[in-house]
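Down below is the structure, laid out as structure tokens.
On a predicted model such as this, the values are computed, not experimentally measured, just so you know. Proteins get letters first, then strands, A, B, ... in listed order; numbering begins at 1 in each.
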2 protein chains.
Amino acid sequence: MAEDKKNVDESAEPQVPQAVVSRLSLYLRELQHLVRDGFETTSSTQLGRLLGFTDAQVRKDLAYFGQFGYPGIGYRCAELIAAIKKILGTNQSWSLAIVGMGNLGRALIGYRGFQQQGFEIVAGFDTDPAKIGNKIEGLQVYHLDEVTQVVREKNIRLAIVAVPSAVAQRVADALVSAGVEGILNFAPVTLALPKHIHTVGVDLAIELEQLSFNVVSKLAKGP
Amino acid sequence: MAEDKKNVDESAEPQVPQAVVSRLSLYLRELQHLVRDGFETTSSTQLGRLLGFTDAQVRKDLAYFGQFGYPGIGYRCAELIAAIKKILGTNQSWSLAIVGMGNLGRALIGYRGFQQQGFEIVAGFDTDPAKIGNKIEGLQVYHLDEVTQVVREKNIRLAIVAVPSAVAQRVADALVSAGVEGILNFAPVTLALPKHIHTVGVDLAIELEQLSFNVVSKLAKGP
DNA sequence: TAGATTGTTAATCGATTAACAATC
DNA sequence: TAGATTGTTAATCGATTAACAATC
């Protein structure tokens with residue numbers, strides 16, 4: 001128990017790369033489309049083609065989590081969907097908080113895609129007195145000072161941060177001390193948080209920078 | 001010239017991994033914060049610490065593009081900012097179109113972070129007659145049928161897709177045939193587009209799935 | 001049976017890290 | 001000079017792909 005070599009994780013499982021987890025979400029999305037389009041089964045080749053991956057990669061990714069396919073047949077879509085949801089934790093529904101009732105925050109409250117994948121926003125927070133106590137887009141808005149109480153009452157484990165950069169770190173700290181375990185951060189800053197808190201950052205300007213880089217780079221090569 | 005081994009890109013340059021490009025955007029963001037906070041210079045160690053990377057990785061990433069540092073000194077922030085902007089193509093301003101004037105589309109029009117990094121939304125598109133011809137959040141809204149003309153007139157090279165999944169592919173096709181070269185897609189679908197068109201997909205539900213996966217996985221290990 | 005497709009091992013490829021001479 | 005830090009090469013590590021026996 002005492003002997004740790006380097007900083008290797010002590011847990012037994014093979015340790016799943018984050019890249020595998022994000023492809024898992026893409027497999028889930030494609031499988032849902034396949035079911036909608038009437039497919040009962042699919043194959044690693046088909047899934048790979050739809051997403052631009054090799055068939056080997058699809059099989060390898062799934063192999064991290066178990067055996068889900070049938071040699072000679074492929075994968076039963078409904079079955080694989082259920083399995084991936086279980087792995088991702090979205091076989092159950094998650095209660096979310098959102099902080100920041102600006103343009104982006106309000107848009108996210110109305111976003112249908114969250115509900116569809118098992119995420120329900122159950123509380124909004126802001127510090128603007130004009131907004132607190134009202135409902136915005138049907139969602140009850142609380143003062144950030146009440147976050148600890150509301151998070152406990154409503155069993156909130158994940159939160160969305162949609163506030164200006166200048167206050168994002170303070171808001172994140174408040175969420176963490178209220179007991180939130182994961183944060184989806186839309187403010188264009190790197191949050192400094194305890195290691196056991198999970199963070200995903202979405203910086204919209206950065207996404208555009210990836211595009212502009214690729215567009216300008218391609219100028220070098222002719223058509 | 002004829003002899004190509006496998007499907008190796010013919011272009012001379014070392015071929016930059018996409019992961020490097022996204023870290024480049026993060027370096028830029030941190031450098032801008034450092035300048036705001038009064039730093040004249042920084043180092044690979046400092047940048048790495050702020051972002052959770054090793055110093056070696058920072059230097060290696062930058063080395064793809066040239067020599068920007070001073071041995072014994074580090075990097076001059078302003079200088080490195082200018083260099084990265086040039087690499088990413090954001091030393092110039094980009095004119096953007098946005099398609100879809102729903103909740104998310106309207107929020108993105110008002111998002112200050114785009115302007116700040118050199119992206120200006122100059123035209124909105126929709127197919128709802130009630131919206132066309134008006135200004136939304138100060139932005140002129142056109143019918144999607146006019147996209148080719150507007151794209152040409154306003155020199156638009158990048159576009160944001162914020163429409164429902166069901167129509168995202170058709171919208172993307174229209175943008176491409178209008179001459180757009182890069183698409184930031186918020187619809188939760190994989191777009192099938194010509195190889196020379198660049199796409200970045202942002203699926204908000206998938207970002208939350210990454211969080212839920214990590215939160216449930218951590219249950220296995222006790223504190 | 002023949003054809004299809006899995007799960008898995010081994011081979012390849014690519015990315016990260018460590019180390020260090022060169023430089024300020 | 002001593003201390004700091006770069007750019008770069010070599011070593012390590014990890015992820016992807018190819019190949020194939022097993023299975024339906």
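- Of the residues A:I98, A:N103, A:L104, A:V99, the one that meets the side chain to side chain contact (heavy atoms under 4.5 Å, CB included) test with A:M101 is A:I98.
- A residue-by-residue look at A:V20 and B:A63 shows that B:A63 has its nearest nucleotide of DNA chain D further toward the 5' end.
- Distances shown here put a side-chain N or O of B:Q67 below 4.0 Å from the OP1 or OP2 atom of D:dT8.
- Tested against B:V161, the residues B:V167, B:L175, B:L184 include a single side chain to side chain contact (heavy atoms under 4.5 Å, CB included) partner, B:L175.
- You'll find the side chain of B:L31 stays beyond 4.5 Å of the side chain of B:Y75, heavy atoms only.
- Side chain of A:A56, nearest nucleotide from D:dA15, D:dA18, D:dT5: D:dA18.
- Base pairing annotation: D:dT17 forms a Watson-Crick or G-U wobble pair with C:dA10, both donor-acceptor distances under 3.5 Å.
- Considering only side-chain N and O atoms, B:S44 lies under 4.0 angstrom from the phosphate OP1 or OP2 of D:dT6.
- Put simply, B:T54 has a side-chain N or O that comes within less than 4.0 Å of OP1 or OP2 on C:dT17.
- Rounding to whole angstrom units, CZ of residue B:R76 and P of D:dT6 are separated by 12 Å.
- As a whole-Å value, the separation of A:R49 CZ from C:dT5 P is 10 Å.
- Distance from the side chain of A:Q57 is smallest for D:dT16 among the nucleotides C:dT17, D:dT16, C:dT6.
- For the pair B:Y75 and D:dG7, the criterion of a side-chain N or O lying under 4.0 Å from OP1 or OP2 is met.
- With a cut-off of 3.5 Å on both pairing distances, the Watson-Crick or G-U wobble partner of C:dG3 is D:dC24.
- Within the 4.0 angstrom heavy-atom criterion, only backbone atoms of the sugar-phosphate kind lie near B:F68; the bases stay farther away.
- Under the side chain to side chain donor-acceptor pair (under 3.5 Å) test applied with A:Q117, the options A:Q32, A:R29, A:K85, A:R112 reduce to a single match, A:Q32.
- Taking only side-chain nitrogens and oxygens, A:R59 never comes nearer than 4.0 Å to OP1 or OP2 of C:dG7.
- Minimum interatomic distance between B:A187 and B:V163 (heavy atoms only, all atoms of both residues): CB-O, 3.6 Å.
- With rounding to whole Å, A:Q46 atom CD is found 10 Å from C:dT6 atom P.
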